[in-house]
Amino acid sequence: MWPVLTIIALAAAVGLHFRWRRKYLRQERQVQTELEDFQRRQQQTATDARAQQQVLFNSMLEGLLLLDRNRRIYLANRAFKNLFGVTTELRGKTVLEALRVHELDELVNRVETEGQVFDYELKLPDLSERWLQVNAAAVSNSAGEREGTILVFHDLTRLKRLERTREEFVANVSHELRTPLSLIKGYAETLLGSARGNPEVAERFLRIIERNADRLDLLIQDLLTISALEAGRVKLNLQPVELRPVVEKVLGDLKPPADNKRVTLVNQVPELTATADANRLEQVLANLVDNAIKYGRTQGTVTVGGRRADDGKIEIFVQDDGPGIPPESLERVFERFYRVDKARSREQGGTGLGLSIVKHIVQNHGGKVWVKSELGKGAAFFFTLPQGEK
């Protein structure tokens with residue numbers, strides 16, 4: 001009897017053991033599944049948070065760089081990469097490894113020592129002369145231990161260029177004004193002194209004073225014109241304009257100086273109509289033709305032509321057969337006060353603003369202006385205007 005009971009008890013115990021084991025295994029699997037689901041949710045939450053953080057940082061206009069406690073890049077937003085022209089992955093690299101900018105590495109060293117650095121100006125070592133303003137600070141935890149460094153970059157390039165343009169403008173204006181003023185003052189003082197009693201000398205001095213006064217007046221008028229054009233204060237009276245009669249009028253007005261140099265003026269503009277301000281268009285053509293007469297060759301030819309371009313706009317050119325423009329000057333001739341030949345330009349009475357005025361008037365019409373030239377083969381200035389309807 002007892003052996004049978006023992007066997008039954010053992011069988012029951014084994015059955016209970018396997019039953020509880022299956023239940024335990026089911027519970028263990030359930031717990032494992034719930035743990036894995038929880039970890040996946042946590043990872044997804046962290047991924048979503050990082051993605052949202054990255055979207056937020058990438059929406060910033062300022063460049064942002066986060067370094068960890070080991071001075072390795074933890075995060076760099078899109079604006080930062082654009083500023084430095086970086087397309088590769090930066091995470092995990094040091095600043096020096098990623099950018100090869102020693103000044104920035106030295107700035108990180110300063111931040112570790114000083115805690116923060118504001119309004120630090122950094123010039124990137126490239127041909128575009130990009131200037132950045134950097135504000136940097138160390139990031140610490142609640143215990144005061146340094147966790148990393150944050151750096152914010154502002155692009156100062158446009159501001160620096162404007163500042164340099166302003167400085168150059170002031171210097172150029174001062175220089176252009178100083179020469180005629182000095183001549184006027186010098187000859188006036190001489191007239192008030194010994195030359196007053198000599199009518200022939202006095203007349204010659206007065207003509208020099210008049211010529212330089214006219215030059216000052218022309219310079220001031222050009223300065224006012226270009227200032228109004230750049231500030232958008234010039235309102236264009238846009239109308240359909242037949243180009244050939246306008247060119248004929250300009251060439252007629254400039255015939256006397258052309259005759260003085262025995263220059264032939266040729267109107268090759270076909271029957272074309274553009275949408276333009278007729279007075280401003282005359283100003284553009286007068287500047288270009290006058291320059292072609294002045295700087296072209298004696299007994300040469302100045303030709304004005306035009307055509308309908310492939311993009312539907314009207315293209316006009318003014319061409320001379322003079323000495324041409326050096327290649328290094330082609331991209332600069334439309335700058336304010338830029339002269340290919342400074343001495344010759346002043347001798348001809350130019351202010352150095354004519355081509356800059358031409359550029360701004362054409363741009364205000366929605367067109368563009370450019371020049372082509374070969375040394376010894378003359379120069380051709382081109383500009384475009386919107387097509388007009390008759």
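In terms of heavy-atom proximity, Val117 sits nearest to Leu107 at CG1-CD1, 3.7 Å. Of all the heavy atoms in Tyr295 and Pro323, the pair that sits closest is O-CD, 3.3 Å. Of all heavy-atom pairs spanning Leu90 and Ala76, the tightest one is CD1-CB, 3.9 Å. For Ala276 against Val241, the heavy-atom pair with the smallest separation is O-CG2, 3.5 Å.
Arg130 pairs in a side chain to side chain contact (heavy atoms under 4.5 Å, CB included) with only one of the listed residues (Leu122, Leu156, Asp155), which is Asp155. Evaluated for a side chain to side chain contact (heavy atoms under 4.5 Å, CB included) with Leu151, the options Leu104, Val111, Asn135 yield exactly one hit, Leu104. Checked options Thr301, Ile293, Val304; the residue passing with Leu265 is Ile293 (criterion: side chain to side chain contact (heavy atoms under 4.5 Å, CB included)).
Connection of Leu65 to Val86 is established within a shared hydrophobic cluster, with ILVMFWY side chains joined at heavy-atom distances below 4.5 Å, either directly or through further cluster members.
In this structure, Arg91 CZ and Leu66 CG are separated by 10.0 Å, a value rounded to the nearest 0.5 Å. Between the CZ atom in Phe334 and the CG atom in Leu353 there is a gap of 14.0 Å [rounded to 0.5 Å].
When only modelled atom types and interatomic distance are considered, Arg69 and Asn141 share no side-chain donor-acceptor pair under 3.5 Å.
For the pair Asp68 and Arg72, the salt-bridge criterion is not met [side-chain N within less than 4.0 Å of a carboxylate O]. Arg71 and Asp105 are joined by a salt bridge, as a carboxylate oxygen and a charged side-chain nitrogen come within less than 4.0 angstrom of each other. Arg207 and Glu203 are joined by a salt bridge, as a carboxylate oxygen and a charged side-chain nitrogen come within less than 4.0 angstrom of each other. We find that Lys160 and Glu121 are joined by a salt bridge, their nearest charged nitrogen and carboxylate oxygen being less than 4.0 Å apart.
Crowding of Lys377 atom NZ: a count of heavy atoms from other residues, nucleotides or ligands under 6.0 Å not exceeding 12.
Sequence neighbours left out, the pairs with a member in residues 318-328 that pass side chain to side chain donor-acceptor pair (under 3.5 Å) are Arg297-Asp321.
With Phe382 as the aromatic partner, Lys372 meets the cation-pi criteria of under 6.0 angstrom to the ring centre and within 45 degrees of the ring axis.
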